[in-house]
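Numbers here are sequence positions counted from 1. Note that this is a predicted model, so its numbers are computed, not measured.
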Amino acid sequence: MYNVIVAGSTDFTRDCILQLMKTDNVNLSAVIAPIDTKKDRKGNIINSPTVEVALENNIKLFQPESINKDDFYSTLEELAPDFLIVVAYGRILNKRTLALPKIMPLNIHGSLLPILRGASPVEHALLYGFEKSGTTLQKMDAKLDEGDVILQHEVNIEKDWQFNDLYDKIKESGVYLLKEFFTDVDKYISNLKKQDDSIATYCSKIKKEDGKLDFSKDVYSLHNMTRAFVRWPTAYCFYKDVSIRVFKSEYIEDSNCQNDFGKIIDFNNDGIYIQALNGIYIIKELQREGKKRQTVKEFLCGNKLIRGEYFV
């Protein structure tokens, strides 16, 4: 029986916890989560999915200010885990903490490492127009996502997928890797593979301003931004100084288009057609500042657009 601790904060973490709970050779002795800070409209703290699943299933829960401080390190020592599994924890573990598990620290990462090391692999797989991505189970080390690979699982990306579609598949893939790993731990640990640093790529944490649409970019890139940022921060632009968030788009490639970037070419119930580099960017679903999310047909019922004016 392997003594396991899981650290994380998201629904991805929650799904992995639920898998470990029904894994015969695993004793899930504790869950570690960041301190919850989000509040609802009444000012009540909103528990993360990790905290919720721990409370619902009476799993020992810790929310330390820092996982690396001496007092909490002593707690981890007492728990004596064979594996410390990190899934979207969002905190850096120092060398001392990484060295604590009796067997090894593990991390589940949402890409096929060494491609897309870093904080936002799901978004960047869509931003770059990848046709496939996947999930990696790796041995953690002190350098970001550079540990030896234990297992990987590939996911094909459909052309119409947005963030939530790929994220859901990445979660399923990660849970599968965890389940597979514990079917034969010794075999998989004995076949660790070093990453090829020469082909590594990196992705940084997404910032709100990354969602700003720049119509001087090619239409394919703009469409991929819409797909990647649909959950957060959402692709956005402005019309007459009013913020417009875009939740769904299409595009038409046309290398003969004029470079009148941001110009409204046409609009109808099916979309708003905007000039961009090498084609037309088509807004399909949007949200005007202070309003609810709408189809273009719904939007046009209460908002007037003028052909020849500009989105910026």
Chemist: Within this structure, what is the CG-CE distance for the pair Asp82 and Met1, rounded to the nearest 0.5 Å?
Modeler: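 The CE atom of Met1 is 11.0 Å from CG of Asp82, to the nearest 0.5 Å.
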Chemist: Are Leu177 and Ile170 connected in the hydrophobic side-chain network, where two residues link if heavy atoms are under 4.5 Å apart?
Modeler: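 Linked, Leu177 and Ile170 end up in one cluster.
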Chemist: Looking at side-chain heavy atoms only, is the closest gap between Met225 and Asp210 below 4.5 Å?
Modeler: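 Counting from C-beta outward, Met225 and Asp210 never come under 4.5 Å.
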Chemist: Taking the side chain as every heavy atom from C-beta outward, state whether Glu77 and Leu100 have any pair of such atoms under 4.5 Å apart.
Modeler: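 With C-beta onward as the side chain, the pair touches.
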Chemist: Could you walk me through whether Phe311 and Tyr239 pass the ring pair (Phe, Tyr, Trp, His ring centres under 6.0 Å) test, one step at a time?
Modeler: CA-CA 5 Å; Phe311 277 77; Tyr239 179 65; 5.1 Å; yes
Chemist: Would the distance check show the side chain of Thr183 and the main-chain N or O of Lys179 forming a donor-acceptor pair, the cut-off being under 3.5 Å?
Modeler: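 The answer is no, because no donor-acceptor pair under 3.5 Å joins these two groups.
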Chemist: Could you please spell out the steps behind the side-chain hydrogen bond (donor to acceptor under 3.5 Å, both in side chains) verdict for Thr201 and Tyr128?
Modeler: CA-CA 12 Å; Thr201 60; Tyr128 297 152; over 6 Å; no
Chemist: Is there a side-chain contact between Cys16 and Ile108 in this structure, where contact means two heavy atoms from C-beta onward sitting under 4.5 Å apart?
Modeler: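 With C-beta onward as the side chain, the pair touches.
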Chemist: Checking Tyr220 against Asn278 for the side-chain hydrogen bond (donor to acceptor under 3.5 Å, both in side chains) test, could you report, in this order, the C-alpha distance in whole Å, the side-chain angles of both residues, the deciding distance, and whether it holds?
Modeler: CA-CA 9 Å; Tyr220 182 60; Asn278 295 331; over 6 Å; no
Chemist: Looking only at side-chain N and O atoms, does Asp71 offer a donor or acceptor that is under 3.5 Å from a partner on Ser74?
Modeler: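 Not at all, the side chains of Ser74 and Asp71 share no donor-acceptor pair under 3.5 Å.
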Chemist: Can any side-chain N or O of Ser29 pair as donor or acceptor with the backbone N or O of Asn3 at less than 3.5 Å?
Modeler: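 Flag not set: sc Ser29 to bb Asn3 has no pair under 3.5 Å.
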Chemist: Compare all side-chain heavy atoms of Leu137 with those of Tyr188 and state whether any distance is below 4.5 angstrom.
Modeler: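 Leu137 does not reach Tyr188 side chain to side chain.
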Chemist: Between Glu146 and Asp141, is there a donor-acceptor pair closer than 3.5 Å when you use the side chain of the first and the backbone of the second?
Modeler: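 No; zero donor-acceptor contacts below 3.5 Å.
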Chemist: Between CD of Gln19 and CD of Glu180, what distance do you get to the nearest 0.5 Å?
Modeler: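 These two atoms lie 11.0 Å from each other.
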Chemist: According to a hydrophobic-cluster definition based on side-chain heavy atoms being under 4.5 Å apart (Ile, Leu, Val, Met, Phe, Trp, Tyr only), do Val4 and Ile32 belong together?
Modeler: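 Hydrophobic grouping puts Val4 apart from Ile32.
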Chemist: Identify the heavy atoms of Trp161 and Lys169 that sit nearest to each other, and give their distance.
Modeler: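 It is CH2-CG, 3.5 Å.
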Chemist: Might you work through the side chain to side chain contact (heavy atoms under 4.5 Å, CB included) test for Leu84 and Thr97, ending with a clear yes or no?
Modeler: CA-CA 9 Å; Leu84 172 59; Thr97 302; 4.3 Å; yes
Chemist: With sequence neighbours excluded, tell me which residues meet salt bridge (Lys or Arg N to Asp or Glu O under 4.0 Å) with Lys132.
Modeler: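 Only Glu154 meet the salt bridge (Lys or Arg N to Asp or Glu O under 4.0 Å) criterion with Lys132.
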Chemist: Does the ring centre of Phe181 sit less than 6.0 Å away from the ring centre of Phe83?
Modeler: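 Aromatic pair counts; centres sit under 6.0 Å.
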Chemist: Within the side chain of Thr10, is there an N or O that forms a donor-acceptor pair under 3.5 Å with the backbone of Ala88?
Modeler: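 No, Thr10 side chain to Ala88 backbone: no donor-acceptor pair under 3.5 Å.
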Chemist: For Lys69, does the NZ atom have more than 12 heavy-atom neighbours from other residues, nucleotides or ligands under 6.0 Å away?
Modeler: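 No - once you tally the heavy atoms of other residues, nucleotides and ligands closer than 6.0 Å, there are 12 at most.
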Chemist: Tell me if a side-chain donor or acceptor on Gln287 pairs with a main-chain N or O of Lys291 at a distance below 3.5 Å.
Modeler: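 Side chain of Gln287 to backbone of Lys291: a pair is present.
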Chemist: To the nearest 0.5 Å, what is the distance between CG (Asp266) and CD1 (Ile274)?
Modeler: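 One gets 11.5 Å once the value is rounded to the nearest 0.5 Å.
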Chemist: Checking side chain to side chain contact (heavy atoms under 4.5 Å, CB included) for the pair Arg231/Ile206: CA distance, chi angles, key distance, verdict?
Modeler: CA-CA 12 Å; Arg231 184 174 73 167; Ile206 301 296; over 6 Å; no
Chemist: Members other than Tyr310 in its cluster, when Ile, Leu, Val, Met, Phe, Trp, Tyr link by side-chain heavy atoms under 4.5 Å?
Modeler: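 Members besides Tyr310, by chain and number: Tyr236, Phe238, Val312.
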Chemist: Identify the heavy atoms of Phe247 and Val230 that sit nearest to each other, and give their distance.
Modeler: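 Taking Phe247 first and Val230 second, the nearest heavy atoms are O-CG2, 3.5 Å.
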Chemist: Can you give me the closest heavy-atom contact between Arg117 and Tyr202, atom names plus distance?
Modeler: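 Heavy atoms only, the tightest pair is NH1-OH, 2.8 Å.
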Chemist: Answer whether the closest heavy-atom distance between the side chains of Tyr251 and Thr226 falls below 4.5 Å.
Modeler: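 No, side chains not in contact.
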Chemist: Using only atom types and a distance under 3.5 Å, with no angle test, would you say the side chain of Gln275 pairs donor to acceptor with the backbone of Gly262?
Modeler: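 Between the backbone of Gly262 and the side chain of Gln275 there is no qualifying donor-acceptor contact (under 3.5 Å).
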Chemist: Judged by atom type as modelled, is there a donor-acceptor pair below 3.5 Å linking the side chain of Gln195 to the main-chain atoms of Asp145?
Modeler: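 Pair found, side chain donor or acceptor close to backbone of Asp145.
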Chemist: Side-chain heavy atoms under 4.5 angstrom apart, residues restricted to Ile, Leu, Val, Met, Phe, Trp, Tyr: same cluster for Val51 and Leu20?
Modeler: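 Yes, one cluster joins them.
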Chemist: Are Val219 and Ile280 in one and the same hydrophobic cluster, where Ile, Leu, Val, Met, Phe, Trp and Tyr link if side-chain heavy atoms are under 4.5 Å apart?
Modeler: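 No; Ile280 is not reachable from Val219 via cluster members.
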Chemist: So, Asp196 side chain and Pro114 main chain: donor-acceptor pair closer than 3.5 Å or not?
Modeler: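 Here the side-chain-to-backbone pair does not exist.
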Chemist: Are more than 12 heavy atoms, taken from residues, nucleotides or ligands other than Glu131, located less than 6.0 Å from that residue's CD atom?
Modeler: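 Count not over threshold, so no.
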Chemist: Are there more than 12 heavy atoms of other residues, nucleotides or ligands under 6.0 Å from atom CG of Leu144?
Modeler: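 More than 12 heavy atoms, drawn from other residues, nucleotides or ligands, come within 6.0 Å of this atom.
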Chemist: Using only atom types and a distance under 3.5 Å, with no angle test, would you say the side chain of Asp168 pairs donor to acceptor with the backbone of Asp165?
Modeler: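 No, because the side chain of Asp168 does not come within donor-acceptor range (under 3.5 Å) of the backbone of Asp165.
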Chemist: With clusters defined by side-chain heavy atoms of hydrophobic residues (ILVMFWY) lying less than 4.5 Å apart, directly or transitively, does Leu286 cluster with Tyr273?
Modeler: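 Result: no, two separate clusters.
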Chemist: Is there a side-chain hydrogen bond (donor to acceptor under 3.5 Å, both in side chains) between His109 and Thr136 once you walk through the steps?
Modeler: CA-CA 5 Å; His109 183 76; Thr136 300; over 6 Å; no
Chemist: I need the Glu285 CD to Phe299 CZ distance, nearest 0.5 Å.
Modeler: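 The distance works out to 13.5 Å.
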Chemist: Got a second to check how far Ile283's CD1 is from Asp270's CG, nearest 0.5 Å?
Modeler: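 One gets 14.0 Å once the value is rounded to the nearest 0.5 Å.
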Chemist: Could you check if a side-chain atom of Tyr89 sits within less than 4.5 angstrom of a side-chain atom of Asn107, using non-hydrogen atoms only?
Modeler: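 Not in contact.
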Chemist: Within the distance-only criterion (no hydrogens, no angle test), does the side chain of Asn25 pair as donor or acceptor with the backbone N or O of Phe182 below 3.5 angstrom?
Modeler: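 The answer is yes, because a donor-acceptor pair under 3.5 Å joins these two groups.
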Chemist: What heavy-atom pair brings Arg288 and Asn303 nearest, and what distance separates the two atoms?
Modeler: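 Minimum heavy-atom contact is NH1-OD1, 2.8 Å.
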Chemist: Should Ser133 and Ile157 count as side-chain neighbours, where that means a heavy-atom distance under 4.5 Å?
Modeler: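 Yes. Closest side-chain heavy atoms under 4.5 Å.
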Chemist: Counting only heavy atoms not in Glu65, do more than 12 fall under 6.0 Å of its CD?
Modeler: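 Open.
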Chemist: Where do Ser9 and Pro49 come nearest, in terms of heavy atoms and distance?
Modeler: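 Closest pair (atom of Ser9, atom of Pro49, distance): O-CD, 3.5 Å.
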Chemist: How far apart are the closest heavy atoms of Ala119 and Ser204, and which atoms are they?
Modeler: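 In this case the closest contact between Ala119 and Ser204 is CB-C, 4.3 Å.
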Chemist: Please round to the nearest 0.5 Å and tell me the distance separating atom CD1 of Ile67 and atom CG of Leu98.
Modeler: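 Answer for the CD1-CG pair, Ile67 versus Leu98, is 9.0 Å.
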Chemist: Are His153 and Glu172 close enough that some pair of their side-chain heavy atoms sits under 4.5 Å apart?
Modeler: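 Side chain of His153 against side chain of Glu172, heavy atoms only: no contact under 4.5 Å found.
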Chemist: Can Tyr73 and Asn94 be said to form a side chain to side chain contact (heavy atoms under 4.5 Å, CB included), step by step?
Modeler: CA-CA 11 Å; Tyr73 182 82; Asn94 64 19; over 6 Å; no
